[in-house]
Amino acid sequence: QLQLVESGGGLVQPGGSLRLSCAASGDTIVGRRIGWFRQAPGKEREGVSCISSSGNIIHYADSVKGRFTISRDNANQMVYLQMNGLKPEDTAVYYCAAQRPSAMSTIQTMCTMTTPPNYWGQGTQVTVSS
């Protein structure tokens, strides 16, 4: 069973940066799509960024384009989210998630939660505040 553990969250001032990490164990991320999602208090969970199993297809939510960068290191079973130019509206619990590719889903449908991921981490809190 694939297990995902996020780290790297914390409190940062507006305009600051954080790098979230997601460590996989129990199974491999090779061949799986990986995504970062977030949920703010009182709001629905939303996709932030998703990356294909090969790493050559990436989707970003419009709200984070140009500020966030997703990457994956299959050899070390790690996925990262570099977040720059953080804004108070980025405050949320951030989750790492994985999905087996299928003919019924795409990176876009995964990231928009139309075809939700199969595996979820426990989340890490990101708070952007002065």
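What's counted below: heavy atoms across the whole structure, side chains too, no hydrogens, waters or symmetry copies. The first residue in the sequence is number 1, and the count goes up from there.
- Nearest approach of Asn74 to Ser53, heavy atoms of both residues: ND2-O, 3.7 Å.
- Within the 4.5 Å cutoff, side-chain heavy atoms of Ser105 are placed close to those of Gln99.
- In this model, no donor atom of one side chain and acceptor atom of the other lie less than 3.5 Å apart for Ser129 and Thr127.
- A side-chain donor-acceptor contact under 3.5 Å links Asn118 to the backbone of Arg100.
- There is a side-chain donor-acceptor pair under 3.5 Å between Thr109 and Thr115.
- Proximity of a side-chain donor or acceptor of Arg72 to a complementary backbone N or O of Arg33 within less than 3.5 Å is not detected.
- Separating the OG atom in Ser52 from the CD1 atom in Ile34 is a distance of 10.5 Å, to the nearest 0.5 Å.
- The aromatic ring centroids of Phe37 and Trp120 lie less than 6.0 Å from each other.
- Contact between Gly47 and Ala61 at its shortest, heavy atoms only, is O-CB, 3.5 Å.
- Once rounded to the nearest 0.5 Å, the distance linking OG of Ser25 with CD of Gln77 reads 9.0 Å.
- Applying the 6.0 Å contact sphere to CD of Glu44 captures no more than 12 heavy atoms from other residues, nucleotides or ligands.
- Of the N and O atoms on the side chains of Glu6 and Ser21, not one donor lies less than 3.5 Å from an acceptor on the other residue.
- Of the possible polar contacts, none joining the Gln108 side chain to the His59 backbone as a donor-acceptor pair under 3.5 Å is found.
- In terms of modelled atom types and a separation under 3.5 Å, the side chain of Asp73 and the main chain of Ala75 share a donor-acceptor contact.
- Here the shortest heavy-atom pairing between Ile70 and Ser49 reads CG2-OG, 3.2 Å.
- Of the inter-residue distances, the one linking Ile107 atom CD1 with Ile58 atom CD1 reads 8.5 Å to the nearest 0.5 angstrom.
- In this structure, Tyr95 and Gln122 have side chains that are not in contact, with every pair of non-hydrogen atoms separated by 4.5 Å or more.
- Atom OG in Ser71 sits 8.5 Å away from atom CD in Gln82 (nearest 0.5 Å).
- A heavy-atom distance below 4.5 Å is not found between the side chains of Asn84 and Phe68.
- Residues Met83 and Asp90 are not in side-chain contact: their nearest non-hydrogen atoms beyond the backbone lie 4.5 Å or more apart.
- Under the 6.0 Å distance and 45° angle rule, Arg19 counts as a cation-pi partner of Tyr80.
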task = Kindly determine whether Lys65 and Asp62 satisfy salt bridge (Lys or Arg N to Asp or Glu O under 4.0 Å), including the steps that lead there.
result = CA-CA 5 Å; Lys65 280 181 182 176; Asp62 288 342; 3.1 Å; yes

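- Atom CD1 in Ile51 sits 10.0 Å away from atom CD1 in Ile57 (nearest 0.5 Å).
- Closest approach of Ile29 to Ala24, counting heavy atoms only: CG2-CB, 3.4 Å.
- Side-chain contact between Val126 and Leu18: present, with at least one pair of heavy atoms (C-beta onward) separated by less than 4.5 Å.
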ask   = After noting the C-alpha distance and the side-chain angles of Thr69 and Tyr60, does the key distance pass the side-chain contact (heavy atoms from CB on, under 4.5 Å) rule?
value = CA-CA 8 Å; Thr69 303; Tyr60 291 103; 3.8 Å; yes

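- Partners of Arg32 by salt bridge (Lys or Arg N to Asp or Glu O under 4.0 Å), not counting sequence neighbours, listed by chain and number: Asp27.
- Closest of all the heavy-atom pairs between Ser130 and Pro14 is N-CD, 3.7 Å.
- Interatomic distance, CE of Met113 versus SG of Cys50, reported as 9.5 Å (0.5 Å rounding).
- Here the closest heavy-atom approach between residue Gly85 and residue Arg67 is recorded as O-NH1, 2.9 Å.
- Inspection of the Thr91 and Arg38 side chains reveals no N or O donor paired with an N or O acceptor under 3.5 Å.
- Inter-residue side-chain proximity for Thr28 and Leu2 is flagged as unmet; no heavy-atom pair is nearer than 4.5 Å.
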